[in-house]
Amino acid sequence: MTNTTTNEAVEQLLARSHALGADPRFTNYAGGNTSAKGTAADPVTGEDVELLWVKGSGGDLGTLEEKGLAVLRLDRVRALRDVYPGVEREDEMVAAFDYCLHGKGGAAPSIDTAMHALVDAAHVDHLHPDAGIAIATAADGEKLTETIFEGKVVWVPWRRPGFQLGLDIAAIKEANPQAVGTILGGHGITAWGATSAEAEANSRWIIETATAYIEANSVPEPFGPVLDGYAALPQAQRRAKAAALAPVIRGIASQDKPQVGHYTDSEAVLDFLARAEHPRLAALGTSCPDHFLRTKVKPLVVDLPATASVEETTARLAELHEEYRADYRAYYERHAAPDSPAMRGADPLIVLVPGVGMFSFGKDKQTARVAGEFYVNAINVMRGAEGISSYSPIEESEKFRIEYWALEEAKLARMPKPKPLATRIALVTGAASGIGKAIATRLAAEGACVVVADLDLAKARAAAAEIAGSRGADVAVGVAADVSDAAAVAAAVEEAVLAFGGLDLVVNNAGLSISKPLMETTEKDWDLQHDVMAKGSFLVSQATAKVLIAQGLGGDIVYISSKNSVFAGPNNIAYSAVKADQAHQVRLLAAELGEHGVKVNGINPDGVVRGSGIFAGGWGAQRAKTYGIPEEELGKFYAQRTLLKREVLPEHVANAVFVLTGGELSHTTGLHVPVDAGVAAAFLR
């Protein structure tokens, strides 16, 4: 064992983890773990003690930080061998790791801690590379391991991760001094080294050697020939069909609990679905625990050609969903014990549509996206295994033991409580600035995925990037939307459903203001005002209501109307008339969409000067002229005419949107909420 200082061991471990985690050939998001052993001073005695630093539960190698490492006393972990009660009670050993922590211990130790502690090597890697799992899931994987690696890598029969697997690998290393690692049947690989560089080199060698063997020895068409009618549709046609199906599929995936979606039409997915063996292989399900914990044991596969119409596919999806739910319940009942956790839900997390692609789902966009990435990994694994042998995943009973593992249930129970708008997908028009941007920002902060729609695409994307921060497109995307153009609205809605799987919350905010007296208001002024706001909100509501109805999950439509919808002020004929139009659209749509569980409400702001795109665009100067005051004093002027004497800001309007859609007002529709600091003349009667 090396005798490095703490900082050296940690620095080397993090560098190695980042290097391995950055390459999708080596491992997938949050998959695998790495470790290093070294010495550090005991804070009590000052004497050097041997420590283990290992990636903690739930961390990701590519982004691993020191706080994501569990730190344990090596002598205490190894001493657990003397109290190990046997494989039937090995889950108890996870709780025992807590008594081995050094100091505050860092992150929570994972189930794989024993593997890293018990193997007599200073540096250990456990990874889930596609090529390695292809060998691990091949029907003759043990023989292939001998052939490919010539004794330098040893086969380990499938065993659920845990203390016993750590003992098994430690024994294998001791009995095979020439070995640099193992193939874990049905699962992945483990490699080790005396130094961090050696461990990384051994991990890379195993993966690259497996990859080279598969490439050199694979049959030409591992998934069989292309089926007639199942080839990928042309891109434009494919995306249009995906957008039409996405809300329906999201409704299917969300019957038990709401889900966010992700769409993938990569070549790997489309080629898999085009070929003859995809129904058989998909039915076998995934094998690596990291895969099926995120994808469920198998996907829902549409058994129609790409040439099937949207209507035919929608009808078949309903039938297949019922079959999938019945099949999943039967799977649960076949294997559940009296003390098994309750069934978590019978809806699919992966839905495959030939010619179109894959729809994956999760509790948020990142989870949905990663689930899709894992299924692409599974496709790669199946291709490799079928190319040199035949794909043979672990038994269904073993999958159940992991999916409904008490330790997995405890891990889920530790997850933080979701935010109020978690799983909800919002589309906000005119959201690149002003009130719309404040609304989009608030909705994202409350857990929603947000589509920032604006006439200016560059500004929409910039606003989305600002709102999302480091989380990027998993939280917010920017799309172009001329709300007065039906085709442009349809395109924006299509982008929204392809980005997140569907829609739940629509905010009609886009607008402009022309402040002129009757005699100066031109026909062009009138038409522009009504095209953008009356026609625009109608077109957006029409296009998005179609999605909400197809999903069957209810939803919210919110109109940002105005105090002027009920208040008659001077020199404002076009703007106030169109706001009255929007206000009545709220009532009309509330009456029409209620049967679909869709709530439609409005907000009547007034005097939002600071941060308002409308006021900055000339409206402020016009209104200030009307009232005979300097433009810079307009906000104060509006505040003084209110009952509360308070200025209204964009954030106050955003607060009202959240109140209407955050879940507390579940039985409120057709309401207009004033956000005007109290304008008595605009009180609703």
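Positions are given from 1 along the sequence. Every value quoted in this text rests on a predicted model; they were computed, and no experiment measured them.
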Examine H291 together with H128 and report whether their ring centres are nearer than 6.0 Å.
no
Using 4.0 Å as the upper bound for N to carboxylate O, is an ion pair formed by K173 and D120?
no
First locate atom OG of S203, then atom NE2 of H123, and finally report the distance between them rounded to the nearest 0.5 Å.
12.0 Å
Tell me whether K143 forms a cation-pi arrangement with W155, defined as NZ or CZ under 6.0 Å from the six-membered ring centre and within 45 degrees of its axis.
no
Quick one: list whatever passes ring pair (Phe, Tyr, Trp, His ring centres under 6.0 Å) with Y213, sequence neighbours left out.
none
Counting heavy atoms not belonging to E88, are there more than 12 under 6.0 Å from its CD?
no
Please determine if R89 and E92 form a salt bridge, counting it only when a charged side-chain N lies under 4.0 Å from a carboxylate O.
yes
With no hydrogens and no angle check, just 3.5 Å: does a side-chain donor-acceptor pair link S287 and T137?
no
Indicate yes or no: does R344 engage D256 in a salt bridge with an N to O separation below 4.0 Å.
no
Near K399 NZ, under 6.0 Å, is it more than 12 heavy atoms from other residues, nucleotides or ligands?
yes
Judged by modelled atom types alone, do Y331 and E403 share a side-chain donor-acceptor pair under 3.5 Å?
yes
Centroid separation under 6.0 Å, is that true for the rings of F374 and F292?
no
Give the intermediate values and the outcome of side chain to side chain contact (heavy atoms under 4.5 Å, CB included) for residues F500 and T423.
CA-CA 10 Å; F500 296 117; T423 75; over 6 Å; no
Between D347 and K257, does at least one N-O distance fall below 4.0 Å, as a salt bridge requires?
no
Tell me whether E395 at atom CD has more than 12 heavy atoms from other residues, nucleotides or ligands lying less than 6.0 Å away.
no
Can you tell me if R461 has over 12 outside heavy atoms packed within less than 6.0 Å of its CZ?
no
Is the closest basic N to carboxylate O distance between R16 and D125 below 4.0 Å?
yes
Closest approach of S110 and G56, non-hydrogen atoms and distance?
CB-C, 4.3 Å
Tell me, yes or no, whether the heavy-atom count around R160 atom CZ, taken from other residues, nucleotides or ligands under 6.0 Å, exceeds 12.
yes
